[in-house]
Amino acid sequence: MAGFVRDLILKNSPEEYLSSSITPLAAYKILKPNKKTVLHDFLESQFENELEYIARKTDEVEIFESLLKDYNIYFSIDEIDLEEENYSSYLVQKIIDNILTNLTNETFQILFSDRMFCLQFNKIIAEVIHSYKLKEHSEILKKDGVTKRCNYFPVWVSQAVFFRDKGCCAVCLSDLSGLLKTGYNKAIDHIVPLNLGGINDITNFQLICKSCNSKKSGHATITSELYPAYF
Ligand SMILES: [Zn+2]
């Protein structure tokens, strides 16, 4: 699932299709981080669409049955009246009711750890925000195409970003943990800047050192695929 969504965002889908499946964006998620992120919403709707698409296109129900078995969810053809309901729609509904949240959370764990994915995902959102006008979206915008800044990061946000980036600057990899060096200076940075239509969702945040932060202007979208080695 994570591979499917990663390909969708990084490789081969027309951006108009993606931005229409990301919108409408919930205003409160644009303004400040929410534990059910914009990416969670996108994953849920992609999975639902994909399940319904597979169910329409094929009579093969094994894929649905094996998913339900993986999660130990009970299903049986005896539960439905075949004259009224079709077996594959029954299985899809079981998946949506019982597994979708788990599937979304698990996929989020994988994709959130991939900063390059987060950058690309937020660039698509930024194109949508950038087209918004202040007079129609005054609750979320500071000016045309620019989201209001969130001035307060909840602890769960700074901890998750610190943990994901392993206490190192996302751009230069310098150690910001404060364990072995004093004088470290860390900041939470918007991967896609607010000026370019970035939003205050945790998928758009990274850990950065003060020096990289001051070199990065409000008009530059920068991250890296650098991660500290395990050994
Ligand atoms: Zn740095």
Side-chain angles (χ1 to χ4, degrees), residues 1-15 17-26 29 33-122 124-125 156-157 159-166 201-206 225 227-231:
M1 284 298 193
F4 162 73
V5 175
R6 192 176 191 277
D7 282 354
L8 203 63
I9 296 292
L10 293 183
K11 289 186 186 158
N12 45 29
S13 285
E15 295 203 348
Y17 153 72
L18 287 168
S19 47
S20 67
S21 52
I22 287 171
T23 48
L25 292 156
K29 296 192 183 192
N34 189 282
K35 284 187 180 173
K36 191 171 179 228
T37 68
V38 173
L39 178 56
H40 284 87
D41 295 344
F42 176 67
L43 292 173
E44 262 181 17
S45 74
Q46 285 301 315
F47 292 164
E48 266 187 63
N49 292 344
E50 194 60 18
L51 288 166
E52 279 157 11
Y53 175 78
I54 297 171
R56 274 200 311 275
K57 280 275 164 190
T58 166
D59 292 334
E60 290 174 33
V61 291
E62 289 81 10
I63 180 168
F64 302 136
E65 290 177 335
S66 77
L67 197 54
L68 287 163
K69 280 183 198 152
D70 282 348
Y71 284 86
N72 289 322
I73 304 298
Y74 175 79
F75 61 92
S76 161
I77 199 159
D78 300 335
E79 281 197 330
I80 56 166
D81 178 352
L82 282 171
E83 282 184 14
E84 299 208 344
E85 200 182 355
N86 135 332
Y87 182 50
S88 71
S89 332
Y90 155 79
L91 293 175
V92 167
Q93 200 51 51
K94 276 259 164 190
I95 294 171
I96 291 175
D97 294 343
N98 297 282
I99 304 180
L100 196 67
T101 305
N102 284 346
L103 206 56
T104 299
N105 289 341
E106 289 164 10
T107 310
F108 177 85
Q109 297 300 320
I110 297 171
L111 292 175
F112 177 63
S113 67
D114 180 343
R115 282 195 303 262
M116 211 42 92
F117 169 83
C118 290
L119 179 148
Q120 210 52 44
F121 179 69
N122 278 283
I124 294 167
I125 294 174
W156 65 267
V157 167
Q159 283 182 336
V161 171
F162 185 89
F163 188 76
R164 196 259 327 260
D165 293 338
K166 299 192 169 71
D201 187 70
I202 192 171
T203 59
N204 193 33
F205 292 152
Q206 62 186 352
E225 288 189 287
Y227 296 93
Y230 282 103
F231 43 81

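Residue numbers count from 1 along this sequence.
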Item to check | Atom pair CG/CG of Leu39 and Asn122 - distance to nearest 0.5 Å | outcome: 9.0 Å
Next on the checklist: Please determine whether the number of non-hydrogen atoms from other residues, nucleotides or ligands lying under 6.0 Å from atom CZ of Phe163 exceeds 12.
Outcome noted: no
Checklist entry - Is the charged tip of Arg115 near the ring of Tyr227: under 6.0 Å from the six-membered ring centre and within 45° of its axis? => result yes
Next on the checklist: How about CD1 on Ile73, more than 12 heavy atoms from neighbouring residues, nucleotides or ligands closer than 6.0 Å, or not?
Outcome noted: yes
Next on the checklist: Distance check, rounded to the nearest 0.5 Å: Asp201 atom CG versus Leu25 atom CG?
Outcome noted: 9.0 Å
Next on the checklist: Quick one, Phe42 with Phe121, criterion ring-ring contact (aromatic ring centres under 6.0 Å, His included). Give me CA distance, side-chain angles, the key distance, then yes/no.
Outcome noted: CA-CA 10 Å; Phe42 176 67; Phe121 179 69; 5.6 Å; yes
Item to check | Among Leu100, Ile99, Ile95, Ile96, the one residue meeting side-chain contact (heavy atoms from CB on, under 4.5 Å) with Phe47 | outcome: Leu100
Checklist outcome for this item: dist Gln93:CD -> Leu91:CG (nearest 0.5 Å) comes out at 11.0 Å
Next on the checklist: Side chains of Asn102 and Glu106 only: does a donor on one sit below 3.5 Å from an acceptor on the other?
Outcome noted: no
Checklist entry - What are the two closest heavy atoms between Ile202 and Thr37, and how far apart are they? => result CG2-CG2, 3.5 Å
Item to check | Test salt bridge (Lys or Arg N to Asp or Glu O under 4.0 Å) applied to Glu79 - qualifying residues, sequence neighbours left out | outcome: Lys94
Item to check | Pairwise distance NZ(Lys36) to CD(Glu44) - rounded to 0.5 angstrom | outcome: 4.0 Å
Item to check | With Ser113 via side-chain hydrogen bond (donor to acceptor under 3.5 Å, both in side chains) - residues at least two apart | outcome: none
